[in-house]
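Data first, discussion second: the structure below is written as structure tokens.
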Amino acid sequence: VQLQASGGGLVQAGASLRLSCKASGSGSTGWFPQAPGKEREFVASIRRSGGSTYIADSVEGRFTISRDNAKNTVYLQMNNLNPEDAGVYYCAARNPGTTVYSHWGQGTQVTVSS
């Protein structure tokens, strides 16, 4: 499984960004932002088969996750960003039937100015 995240950047508070993750293989793909000095946290995931999604309560209503299987790409749409959303966003994958995200890509930086 190979993963490559992109789409980060510098935006103002209230703006939107869409992150992309090229993710080959089956299973689920998730997004995990990591703010400076903090641990990575889970914000969203989507299954390749069936497309069921899960969004963390902390970003519910602002973030959505989707995928285009034909392009092997998973998207994280982030709306109404605030400075607390800033960090390096990593995408990761877990194999079908497992609970551990064992495949990680390089992150993409998201910076939100107030």
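Both backbone and side-chain heavy atoms feed into the values below; hydrogens, waters and symmetry mates do not.
The two atoms that bring Q106 and Y90 nearest to each other are C-CD2, 4.1 Å, heavy atoms only. The two residues V110 and D85 have their closest heavy-atom pair at CG1-O, 4.5 Å. When all heavy atoms of P83 and A13 are compared, the closest pair comes out as CD-CB, 4.3 Å.
The distance from the CD1 atom of I55 to the CZ atom of F63 is 9.0 Å, given to the nearest 0.5 Å. Once rounded to the nearest 0.5 Å, the distance linking CG of N80 with OG of S16 reads 7.5 Å. Rounding to the nearest 0.5 Å places CD of Q4 at 10.0 Å from OG1 of T108. With values rounded to the nearest 0.5 angstrom, S113 atom OG is found 11.5 Å from N82 atom CG.
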- Message: One pair to check against side chain to side chain contact (heavy atoms under 4.5 Å, CB included): L76 and R18. What are the steps and the verdict?
- Response: CA-CA 6 Å; L76 182 68; R18 189 178 78 161; over 6 Å; no
- Message: Before you tell me yes or no, could you show the steps for V11 and T111 under side chain to side chain contact (heavy atoms under 4.5 Å, CB included), namely the whole-Å CA-CA distance, both residues' side-chain angles and the distance that decides it to 0.1 Å?
- Response: CA-CA 6 Å; V11 297; T111 305; over 6 Å; no
- Task: Report the C-alpha distance between V59 and M78 in whole Å, list the side-chain angles of each, state the deciding distance to 0.1 Å, and finish with yes or no for side chain to side chain contact (heavy atoms under 4.5 Å, CB included).
- Result: CA-CA 9 Å; V59 299; M78 306 186 294; over 6 Å; no
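Judged by distance alone, the side chains of R48 and N72 do bring a donor and an acceptor atom under 3.5 Å apart. Donor-acceptor pairing under 3.5 Å is lacking for the side chains of D68 and T73.
Sorted by first and then second residue, the disulfide (SG to SG under 2.5 Å) pairs with a member in residues 41-90 form an empty list; sequence neighbours excluded. Evaluation of the disulfide (SG to SG under 2.5 Å) test over residues 11-96, restricted to residues two or more places apart or in two chains, returns C21-C91.
Judged purely by atom type and a 3.5 angstrom limit, R94 uses its side chain to pair as donor or acceptor with the backbone of T98. One N or O on the side chain of K22 and one on the backbone of K71 form a donor-acceptor pair closer than 3.5 Å.
Both L81 and I65 are members of a single hydrophobic cluster when ILVMFWY side chains are connected at heavy-atom separations under 4.5 Å. Note on I46: it clusters hydrophobically with Y89, by side-chain heavy-atom contacts below 4.5 Å among ILVMFWY residues.
The aromatic rings of Y101 and F32 sit perpendicular, their planes meeting at an angle over 60°, well past the 30° parallel limit.
More than 12 heavy atoms of other residues, nucleotides or ligands sit less than 6.0 Å from atom CD of Q109.
For the pair R40 and W104, the distance from NZ or CZ to the six-membered ring centre is under 6.0 Å and the angle to the ring normal is within 45 degrees.
Y54 pairs by the ring-ring contact (aromatic ring centres under 6.0 Å, His included) definition with F42, not counting sequence neighbours.
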